[in-house]
Amino acid sequence: MTGGVMQKAHADGHRVVLVTSTRGEVGEIHNMDEAENRPRLAEVRTAELAAATRILGVDRQEFLDYRDSGMAGTDDNQDPASFHRAAVDEAAEKLAKVIRQERPEVVVTYDPTGTYFHPDHIKAHQVTTAALDLLKKDGWEPRKFYWHAFPRSGLKAWAELSARPDAPEPPSFPPNMGVPDEQITTIVDVRPFVEGKLSAFKAHTSQNGPEAFFLSTPAALRERAFGEEHFVLARGEIGAERPEPDLFAGVPG
């Protein structure tokens, strides 16, 4: 979802730091033996993430090291060690520690719905917001704070794309997924980085089902499907005519 802007930021000379809440240990397993890999899935996915971050140009990757919460309504949601059950102030302080060290100009997280209502993504939004509140009390904050967001027109376009005989079925979207188009403040052209995005996605071998939309989209359609990334500026000042073309628009070089 943000693989393009991460590569673009790295190519433009910015330091890219990725903070991940969990190691994905309760997710579905594809392309691997379930019995053999379930007990060590956290290890498997840690290695997959490391491979993906090398492709995306990540300079530093940190885990908050909470347990994967799984999908909404599952027993994993209730595990006391899960990110879903973590105290927001505790997790926010862990994240704030990394942000204090890095002092980024730009911070990006999920929108309030977690993009597609995943409990850990929703919690990541809450924790990132709380961490920035802590830092603001310290007297510092990044110049810009963004939410990654799918515009609803884009989800409609994906549905239309699937009507083509050479296109795969898109993921099934939950009701009310995405944000109204008028809330989008920033649209970044990441067409030069589409192949890198797909390579990073492929690196997550255990998560890729045989009909994964992102991998089965024909090459001729990939730029249209994945060539733009959209954001809502939650805090800070718009740095160019709306929609901004870059997360760093208006940030001194």
Side-chain angles (χ1 to χ4, degrees), residues 1-2 5-6 9 14-27 41-43 45-46 49-50 52-53 56 58-150 174 176-179 183 185-186 231-237 247-248 251:
M1 293 181 289
T2 58
V5 294
M6 293 167 76
H14 300 289
R15 180 170 167 82
V16 179
V17 178
L18 174 65
V19 181
T20 307
S21 304
T22 80
R23 296 176 187 260
E25 59 265 52
V26 305
L41 188 57
E43 176 186 345
R45 292 198 163 167
T46 297
L49 180 61
T53 58
L56 297 176
V58 173
D59 297 288
R60 176 184 178 185
Q61 191 272 320
E62 294 287 344
F63 288 102
L64 298 185
D65 266 334
Y66 290 96
R67 186 179 188 276
D68 185 359
S69 304
M71 298 304 291
T74 64
D75 290 343
D76 291 304
N77 271 192
Q78 305 309 314
D79 191 302
S82 71
F83 189 46
H84 178 65
R85 292 286 303 275
V88 170
D89 56 352
E90 171 199 272
E93 183 53 50
K94 288 184 178 183
L95 177 57
K97 180 179 178 180
V98 177
I99 299 176
R100 287 188 186 103
Q101 293 169 352
E102 294 289 342
R103 294 285 177 128
E105 299 278 12
V106 173
V107 172
V108 181
T109 192
Y110 300 98
D111 74 19
T113 70
T115 303
Y116 60 92
F117 305 100
H118 191 297
D120 282 342
H121 294 184
I122 294 171
K123 192 60 167 277
H125 168 86
Q126 297 168 350
V127 168
T128 305
T129 303
L132 294 182
D133 288 343
L134 289 174
L135 295 166
K136 188 173 183 178
K137 289 179 181 178
D138 292 347
W140 177 89
E141 60 184 328
R143 288 181 179 271
K144 291 176 150 187
F145 173 38
Y146 287 100
W147 303 340
H148 171 266
F150 284 130
N176 300 318
M177 181 175 163
V179 303
Q183 293 182 20
T185 61
T186 310
F231 301 87
V232 174
L233 180 64
R235 299 183 186 180
E237 299 294 330
L247 300 183
F248 292 87
V251 175

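From a predicted model like this one, the values you see are computed outputs, not experimental measurements.
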Please step through side-chain contact (heavy atoms from CB on, under 4.5 Å) for the pair Arg60 and Arg15, ending with a clear verdict. CA-CA 8 Å; Arg60 176 184 178 185; Arg15 180 170 167 82; 3.7 Å; yes

If I compare all heavy atoms of Val106 with all of Pro142, which pair ends up nearest, and what's the gap? N-CB, 4.5 Å

Parallel, tilted or perpendicular: rings of His121 and His118 (30°, 60°): parallel

To check you understand the geometry: which heavy-atom pair defines the closest contact between Phe117 and Met177, and what is its length? CE1-CA, 3.9 Å

Any chance you could measure Glu43, atom CD, to Arg23, atom CZ, to the nearest 0.5 Å? 10.0 Å

Atom pair CD/NZ of Glu105 and Lys144 - distance to nearest 0.5 Å: 10.5 Å

Residues Glu93 and Arg100 bridged, charged N to O under 4.0 Å: yes

Heavy-atom pair with the smallest gap, counting every atom of Val88 and Lys123: CG2-CE, 3.5 Å

For side-chain contact (heavy atoms from CB on, under 4.5 Å), just list the numbers for Tyr146 and Val232, CA-CA rounded to whole Å, side-chain angles, deciding distance to a tenth of an Å, and then say yes or no. CA-CA 6 Å; Tyr146 287 100; Val232 174; over 6 Å; no

Going through the checks in order, is the salt bridge (charged side-chain N to carboxylate O under 4.0 Å, His left out) test met by Asp65 and Lys94? CA-CA 10 Å; Asp65 266 334; Lys94 288 184 178 183; over 6 Å; no

Taking the side chain as C-beta and beyond, is there a heavy-atom pair between Asp76 and His84 under 4.5 Å? no

Which heavy-atom pair separates Pro104 from Val107 by the least distance, and what is that distance? CG-CG2, 3.7 Å

Measure the spacing between OG1 of Thr53 and CG of Leu18 and express it to the nearest 0.5 Å. 7.5 Å

A quick test of your reading: do over 12 heavy atoms of other residues, nucleotides or ligands sit less than 6.0 Å from OH of Tyr110? no

Between Thr2 (side chain) and Val5 (backbone), is there a donor-acceptor pair under 3.5 Å? no

Apply side-chain contact (heavy atoms from CB on, under 4.5 Å) to residues Thr46 and Phe63 and explain how you reach the verdict. CA-CA 10 Å; Thr46 297; Phe63 288 102; 4.0 Å; yes

Any donor-acceptor N/O pair, Arg45 side chain to Gly24 backbone, under 3.5 Å: yes

On a heavy-atom basis, which atom in Ala91 and which in Leu64 lie closest, and how many Å separate them? O-CD1, 4.4 Å

Decide if atom CG of Asp138 counts as having more than 12 heavy atoms of other residues, nucleotides or ligands within a radius under 6.0 Å. yes

Do Asn77 side-chain atoms and Met71 backbone N/O form a donor-acceptor pair below 3.5 Å? yes

Hey, what's the ring geometry for Tyr66 with Phe83, parallel, tilted or perpendicular (30° and 60° as the breaks)? tilted

dist Leu49:CG -> Gln61:CD (nearest 0.5 Å) comes out at 4.5 Å

Rounded to the nearest 0.5 Å, the OG1 atom of Thr129 sits from the CZ atom of Phe145 at a distance of 4.0 Å

Whether Asp111 side chain and Ala149 backbone form a donor-acceptor pair below 3.5 Å: no

Which distance, rounded to the nearest 0.5 Å, do you find between the CG of Leu132 and the CG of Leu95? 7.5 Å

Would you confirm whether Thr185, through its side chain, and Leu233, through its main-chain N or O, come within 3.5 Å as a donor-acceptor pair? yes

Report the C-alpha distance between Ile99 and Trp140 in whole Å, list the side-chain angles of each, state the deciding distance to 0.1 Å, and finish with yes or no for side-chain contact (heavy atoms from CB on, under 4.5 Å). CA-CA 10 Å; Ile99 299 176; Trp140 177 89; 3.7 Å; yes

What pair of heavy atoms forms the shortest contact from Ala9 to Val16, and how long is it? CB-CG2, 4.0 Å

